[in-house]
Protein chains: 2
Amino acid sequence: MKRITLFGYAILGLLYGKASSGYELRKIFAETPMGGFSDSPGAIYPALRRLETWELIAASATSKSPPRRRRTLELTSEGIAALKLWLEIPLEEADVANHLRTIMLKFAFMESVLGDSATLIFLYSLQKELQAYMPRLTNFIKAQSGRMPKSGQLALESGLRGYLAQVQWVSHAVSVYEGDKE
Amino acid sequence: MKRITLFGYAILGLLYGKASSGYELRKIFAETPMGGFSDSPGAIYPALRRLETWELIAASATSKSPPRRRRTLELTSEGIAALKLWLEIPLEEADVANHLRTIMLKFAFMESVLGDSATLIFLYSLQKELQAYMPRLTNFIKAQSGRMPKSGQLALESGLRGYLAQVQWVSHAVSVYEGDKE
DNA sequence: TGAATCATGTAATAGGTTACATGATTCT
DNA sequence: AGAATCATGTAACCTATTACATGATTCA
């Protein structure tokens with residue numbers, strides 16, 4: 001029985017782009033602002049092992065020559081299917097409230113896996129859910145105002161501004177994809 | 001040997017504001033956009049038990065009357081000390097890159113625990129670290145441009161916009177606290 | 001009285017963190 | 001030859017998740 005974690009999907013998504021070794025993946029997690037996933041070997045190698053036993057990934061080559069001895073891993077067709085399945089799960093409002101990180105990870109991989117039009121549809125639904133969530137958040141903040149210290153109030157506002165930035169970003173992203181279609 | 005998790009500090013901070021039962025804390029986590037911590041009993045009661053065995057919190061009353069039978073928990077002096085110690089740890093640039101959530105949690109509790117001037121100092125240092133981090137992020141994005149699909153590029157931009165929003169928020173927050181001083 | 005919800009807990013599981021370990025290879 | 005780093009792994013521990021369980025109390 002397999003339950004793929006967000007970390008697992010991050011690995012699948014990266015391998016979809018390019019077959020890589022554990023070490024290469026580690027470097028990506030360590031050196032890029034990607035999601036803030038762990039780059040520790042104790043996280044990555046067990047995760048790879050799991051994905052391998054589930055046959056979602058497989059060693060394509062265990063080269064000993066030039067680039068040292070390393071196990072290059074690639075997606076199997078089942079791995080690709082699992083990744084697609086995950087990307088195709090429709091958004092719900094609760095996701096927007098709590099799992100923006102998950103959403104952005106999905107988006108990052110979506111174009112290459114599902115194509116432009118699916119990505120655009122995803123952006124539309126994200127836009128819709130964000131717009132539904134914003135007033136809920138502002139109302140909550142208003143309701144709390146006065147019942148917390150300034151810093152609590154401001155902390156909430158920080159979250160609000162973050163979501164506002166996402167709203168603007170979605171519009172921007174949509175325009176990029178819409179512009180591309182014609 | 002005690003290692004307090006972020007979740008643990010969230011509890012300590014909330015209890016600093018008001019002695020509460022586990023159930024009350026659950027409701028806060030469930031119904032407010034606070035950090036996105038778990039509201040499940042399997043998370044909260046063990047966490048409370050740990051904090052209790054470390055004597056950072058203690059049951060102030062186990063009322064059976066009106067508000068049912070509930071264990072109201074409050075901070076001990078050691079709990080307050082632990083919370084203060086955590087809040088006083090100075091910021092580093094790596095924190096800004098990866099642990100914005102932690103930072104905002106700290107900020108939310110800081111005013112009531114450490115006072116206005118400490119909070120303002122915290123904001124200044126946050127401002128400094130954010131400003132140091134922004135160019136690193138923009139450079140990284142520039143370096144990647146062209147070497148990823150549009151969606152990957154845009155995902156990075158989303159992060160960038162989030163940080164930009166935080167930069168603006170810090171300025172706002174600073175002005176609120178500076179305005180207060182005079 | 002029965003349903004809902006209040007309020008606290010526990011058990012199994014799984015995944016991440018931390019730390020350690022080990023060889024091979026490149027570089028000086 | 002020795003240091004650094006490449007590359008993979010393992011083991012102990014801890015915590016969150018999930019699901020279940022249990023009584024008490026309010027409310028219809």
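The basis for the numbers below is simple: all heavy atoms, side chains too, and nothing from hydrogens, waters or symmetry mates. Bear in mind that the values here come from a model prediction, so they are computed numbers and not experimental data. Chain A is the first sequence line, chain B the second, and so forth, proteins listed ahead of strands; every chain is numbered from 1.
Nearest nucleotide to the Pro41(A) side chain, out of dT18(D), dA7(C), dT8(D): dT8(D). Side chain of Trp54(A), nearest nucleotide from dG15(C), dT10(D), dA16(D): dG15(C). For Thr5(A), the listed nucleotide lying nearest its side chain is dG16(C); candidates were dA7(C), dG16(C), dT18(D). Among dT17(C), dG9(D), dA7(D), the nucleotide with an atom closest to any side-chain atom of Ser38(A) is dT17(C). Nearest to the side-chain atoms of Tyr23(A) among the listed nucleotides dT10(C), dA16(D), dT8(D) stands dT8(D). The side chain of Tyr45(A) has dT8(D) as its nearest neighbour among dA16(D), dT18(D), dT8(D).
No salt bridge links Glu74(A) with Lys18(A); every basic N to acidic carboxylate O contact stays at or beyond 4.0 Å. Using a 4.0 Å cut-off between a side-chain N of Lys or Arg and a carboxylate O of Asp or Glu, Lys27(A) and Asp39(A) do not qualify as a salt bridge.
Within the 4.0 Å cut-off from OP1 or OP2 of dA7(C), not a single side-chain nitrogen or oxygen of Arg71(B) is found. The phosphate of dT8(C) (OP1 or OP2) has a side-chain N or O of Ser21(B) nearer than 4.0 angstrom. Remark: Arg50(A) is in phosphate contact with dG15(C), judged by side-chain N or O atoms under 4.0 Å from OP1 or OP2.
Of the possible polar contacts, one joining the Thr76(A) side chain to the Glu55(A) backbone as a donor-acceptor pair under 3.5 Å is found. Side-chain N or O atoms of Arg71(A) include none that pairs as donor or acceptor with a backbone N or O of Ala59(A) at under 3.5 Å.
Counting any heavy atom pair closer than 4.0 Å across all strands shown, Gly42(A) reaches a base atom. Within 4.0 Å of Arg49(A), counting heavy atoms only, lie sugar-phosphate atoms of the nucleic acid but no base atom.
When rounded to the nearest whole Å, the span between NE2 of His99(A) and C1' of dT17(D) equals 12 Å. Between Leu48(B) atom CG and dA7(C) atom P the separation is 14 Å, expressed in whole Å.
Nearest-nucleotide assignment on DNA chain C puts the 5′-proximal partner with Lys27(B), out of Lys27(B) and Ala43(A).
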